[in-house]
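Structure incoming, see below.
Only this structure's heavy atoms are used, side chains among them; waters, hydrogens and symmetry mates stay out. We're numbering straight along the sequence, starting at 1.
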Amino acid sequence: MGDLSIENLHVGFPSREGIVRAVDGINLSINSGEIVGLVGESGSGKSVTCNSILQLLPSPPAQFGAGKIDWSGKNLLSQTEPSLQKIRGKEISMIFQDPMSSLNPYMTVLDQVAEPLVIHKICDWAEAKIKAKEILQKVGVTHVLKHPHSYPHEYSGGMRQRAMIAMALITKPNLLLADEPTTALDVTVQAKVLKILKELCLDLQVSVLFVSHDLGLVAELADRVVVMYRGKVVEENETQSIFRNPQHPYVKALIACRPTLESPKDYLPTVEDFMGETVEIQPSSSVHTLPKKNQDRSLPLLEAKKLVVQFHTDEGPLLAVDHVDLSIEYGKTLGLVGESGSGKTTLGRSILHLIKPTEGEIRFQGKIIGTDSFAKRNSLRKSMQIIFQDPYASLNPRLTIEQTLVEPMIVHQIGKSKNERLEKAIALLHEVGLGEEHLYRYPHEFSGGQRQRICVARALTTEPEFIVCDECVSAMDVSVQAQVLNLLKSLQRSRGLTYLFISHDLSVVKFMSDHIAVMQNGRVIENGPAEQIYNQPKESYTRKLIDAIPRANRSLNLTF
């Protein structure tokens with residue numbers, strides 16, 4: 001037992017325009033003990049397929065048409081709810097994308113890992129907790145030995161995801177469904193979680209359906225890869241074969257659009273390039289390169305000296321930024337890289353004085369900032385902007401895109417009239433690859449990539465010289481990520497922008513950056529030209545970050 005067969009599966013959702021076919025007649029099989037990667041962008045139908053197996057989609061609105069999902073001689077699409085409950089978590093388990101929203105905040109982690117054994121009447125609570133401790137140790141959650149009563153919020157993101165793996169595997173299921181289980185994790189934590197997942201599944205002889213948008217990541221784990229595009233399977237092959245000789249243009253695009261250590265510095269290929277629909281973003285004719293101001297460019301645009309940010313916690317003072325020195329030249333990009341908790345986001349925000357530094361000084365255009373009056377600091381914000389990690393959370397859901405773009409102009413008294421500000425807003429939308437028709441929509445009516453473009457446009461409304469890009473592509477599909485990175489590069493050339501580009505992914509940082517600073521435990525432990533950091537890293541921590549990058553597409557040279 002352990003084979004799964006999906007035949008001619010159709011899943012649709014009603015909309016104003018009619019039925020949207022999220023899954024359109026796919027065929028998929030998973031053999032006993034096999035790890036299959038299911039890959040595609042957001043909207044390709046991969047998560048709908050995954051959730052359909054355990055009937056986790058509410059129906060309605062989901063509408064199941066022809067097809068069947070065969071598991072051990074049973075069609076899962078026609079099973080009653082009591083029958084499905086016996087299968088869920090025992091024969092087939094699932095790891096969800098966001099462990100924090102999937103774990104019960106009112107139960108300890110230990111109890112939640114033990115619970116499936118009790119629900120499926122495998123053993124009593126006392127024995128279940130003993131087994132839960134054992135499997136938590138196997139996945140690296142040794143924290144549970146000293147702190148068995150800890151709740152999910154007391155665990156890091158990586159530890160929560162490991163706990164989810166333990167909970168899914170404690171019943172020794174025949175099939176594990178993993179839906180984007182490492183998307184929000186640092187590359188180093190991601191590498192550890194994948195290693196643990198693969199070792200445990202091989203040890204327990206568990207079949208796996210691993211869902212991801214990243215082909216390079218899937219190659220680290222899967223025996224066979226299935227690629228979905230717009231609800232259909234467009235290519236299926238053994239992992240090595242699909243990378244050596246991809247057939248479908250969409251598959252070639254997914255491989256090529258993820259930056260690698262060898263990617264050229266100017267442009268990343270996108271899906272449109274391979275699908276014959278090239279859409280190259282160019283500055284609108286109504287947007288001109290900003291004139292260079294009469295400034296002394298022999299000095300850096302921004303300097304931080306002995307910068308300290310200290311927080312007070314129950315355990316005592318915490319040095320989030322520990323005497324950091326850095327400088328960024330005009331028109332250049334400094335990449336700031338490190339794991340979660342290294343202090344990179346706190347450093348970026350302290351430079352903008354969104355978090356007040358405890359010690360040290362920051363110079364912008366040669367002048368010390370942070371000691372001025374509120375009015376002068378507010379004026380300085382015109383020249384210094386930020387693009388946040390989550391575009392949806394950073395946009396006001398009650399404001400239209402027009403209001404979102406015009407508001408900073410009103411605050412900073414940019415534009416002489418309402419019409420002039422509106423014209424500028426339209427020009428900015430064109431510059432980031434959107435159109436005038438998007439002005440009167442709200443944030444929820446856009447995709448993640450489009451929302452991030454709007455955030456970029458908003459940052460440009462004040463005509464800044466310096467922008468902090470804080471993990472601004474970390475949660476995106478690799479194809480959308482390529483579009484936004486190309487956009488940021490294009491805007492830097494046309495506007496002479498200077499970036500502080502913060503990320504945990506060194507391959508992305510290398511593509512964007514002229515210089516790189518590596519942070520660990522609040523300190524910059526290595527700093528230098530991008531090529532030097534990659535080719536001759538001095539610190540073992542930097543080497544660890546480089547080694548954690550998925551490299552399956554390293555040797556490919558795809559053209560379009």
Side-chain angles (χ1 to χ4, degrees), residues 290 292-311 319-338 342-388 459-460 462-472 488 491-492 495-503 509-510 512-533 538-539 542:
L290 296 178
K292 304 295 184 184
K293 298 178 182 179
N294 294 324
Q295 296 157 348
D296 182 3
R297 293 180 179 268
S298 62
L299 298 173
L301 172 69
L302 184 134
E303 285 183 287
K305 295 183 178 180
K306 304 298 180 185
L307 200 64
V308 175
V309 179
Q310 183 173 285
F311 297 113
L319 273 178
V321 177
D322 188 3
H323 296 88
V324 166
D325 295 329
L326 59 82
S327 65
I328 312 175
E329 298 177 10
Y330 284 86
K332 301 293 185 180
T333 299
L334 174 67
L336 188 60
V337 69
S342 61
K344 56 189 187 298
T345 292
T346 303
L347 175 58
R349 296 189 180 194
S350 66
I351 286 171
L352 298 180
H353 275 261
L354 297 177
I355 296 173
K356 189 175 181 180
T358 308
E359 296 177 24
E361 70 176 32
I362 301 165
R363 290 179 178 268
F364 184 72
Q365 297 174 348
K367 299 178 181 177
I368 297 177
I369 64 173
T371 57
D372 301 322
S373 64
F374 175 79
K376 286 186 177 180
R377 285 204 305 271
N378 198 42
S379 175
L380 187 65
R381 293 197 190 281
K382 288 175 62 176
S383 300
M384 306 171 75
Q385 289 290 317
I386 185 170
I387 304 169
F388 294 99
L460 295 175
T462 62
E463 299 182 355
E465 290 186 70
F466 174 67
I467 298 178
V468 174
C469 304
D470 185 12
E471 298 272 16
C472 63
L488 292 172
L491 291 170
Q492 185 172 43
R495 288 175 166 262
L497 294 170
T498 304
Y499 293 140
L500 175 63
F501 190 88
I502 299 171
S503 179
V509 169
K510 182 175 183 292
M512 285 296 299
S513 306
D514 300 290
H515 283 72
I516 293 174
V518 181
M519 283 197 76
Q520 183 185 29
N521 298 328
R523 290 180 173 271
V524 171
I525 62 169
E526 191 161 359
N527 192 350
E531 293 294 334
Q532 177 184 314
I533 294 292
K538 296 177 182 177
E539 300 290 332
T542 307

Exercise. Sub-3.5 Å donor-acceptor pair from the side chain of Tyr499 to the main-chain atoms of Leu488, do we have one?
Worked result: yes
For this session: Work out which heavy atom in Val324 is nearest to a heavy atom in Gly522; give both atom names and the distance.
Result: CG2-O, 3.4 Å
Exercise. Can you list the steps and then say if Arg495 with Leu460 is a side chain to side chain contact (heavy atoms under 4.5 Å, CB included)?
Worked result: CA-CA 10 Å; Arg495 288 175 166 262; Leu460 295 175; 4.0 Å; yes
For this session: Rounded to the nearest 0.5 Å, what's the gap from CD on Glu303 to CD1 on Ile368? Could you check?
Result: 10.5 Å
Exercise. Can you check side chain to side chain contact (heavy atoms under 4.5 Å, CB included) on Gln532 and Lys538, steps first, answer last?
Worked result: CA-CA 9 Å; Gln532 177 184 314; Lys538 296 177 182 177; 4.3 Å; yes
Problem set entry | Spacing of CG belonging to Asp470 relative to CG belonging to Leu352, to within rounding of 0.5 Å | 9.5 Å
Problem set entry | Gln492 atom CD, neighbour heavy-atom count above 12 within 6.0 Å | yes
For this session: Could you tell me which non-hydrogen atom of Ile369 sits nearest to which non-hydrogen atom of His353, and how far apart they are?
Result: O-NE2, 3.8 Å
Exercise. Would Lys510 and Glu531 pass as an ion pair if we require N to O under 4.0 Å?
Worked result: yes
Problem set entry | Contacts of Lys332 that satisfy salt bridge (charged side-chain N to carboxylate O under 4.0 Å, His left out) - sequence neighbours left out | none
Problem set entry | Nearest-0.5 Å distance, CZ of residue Arg523 to NE2 of residue His323 | 7.5 Å
Exercise. If you measure from CD1 on Ile328 to CG on Leu500, what distance do you get to the nearest 0.5 Å?
Worked result: 4.5 Å
Exercise. Would you say the side-chain atoms of Gln520 and Glu539 include a donor-acceptor pair closer than 3.5 Å?
Worked result: no
For this session: Locate the shortest heavy-atom distance separating Ile362 from Pro357; write the atom from each residue and the value.
Result: CD1-CG, 4.1 Å
Seminar exercise, completed: One should read off an interatomic distance between Ile355 CD1 and Thr346 OG1, to the nearest 0.5 angstrom, of 4.5 Å
For this session: For Arg381 and Thr462, run side chain to side chain contact (heavy atoms under 4.5 Å, CB included): C-alpha distance rounded to whole Å, both residues' side-chain angles, the deciding distance at 0.1 Å, then the answer.
Result: CA-CA 8 Å; Arg381 293 197 190 281; Thr462 62; over 6 Å; no
For this session: Might you point out which heavy atoms bring Arg363 and Gly366 nearest each other, and give the distance in Å?
Result: NH1-O, 3.1 Å
For this session: Could you check if a side-chain atom of Leu326 sits within less than 4.5 angstrom of a side-chain atom of His515, using non-hydrogen atoms only?
Result: no
Exercise. Got a second to check how far Leu336's CG is from Thr345's OG1, nearest 0.5 Å?
Worked result: 8.0 Å
Problem set entry | Member of Leu347, Asp322, Val524 meeting the side-chain contact (heavy atoms from CB on, under 4.5 Å) criterion with Leu307 | Leu347
For this session: Please check if the side chain of Thr358 supplies one atom and the backbone of Gln310 the other of a donor-acceptor pair under 3.5 Å.
Result: yes
For this session: Using atom types as modelled and distance alone, determine if a side-chain donor or acceptor of Asp514 lies under 3.5 Å from a backbone N or O of Thr333.
Result: yes
For this session: State, with a plain yes or no, whether a side-chain heavy atom of Asp325 is found less than 4.5 Å away from one of Lys306.
Result: yes
Problem set entry | Distance-minimising heavy-atom pair for Ser503 and Val509 | CB-CG2, 3.6 Å
For this session: Determine the minimum heavy-atom distance between Ser513 and Ala530, stating which atoms define it.
Result: O-CB, 3.6 Å
For this session: Please step through side chain to side chain contact (heavy atoms under 4.5 Å, CB included) for the pair Leu302 and Thr498, ending with a clear verdict.
Result: CA-CA 9 Å; Leu302 184 134; Thr498 304; over 6 Å; no
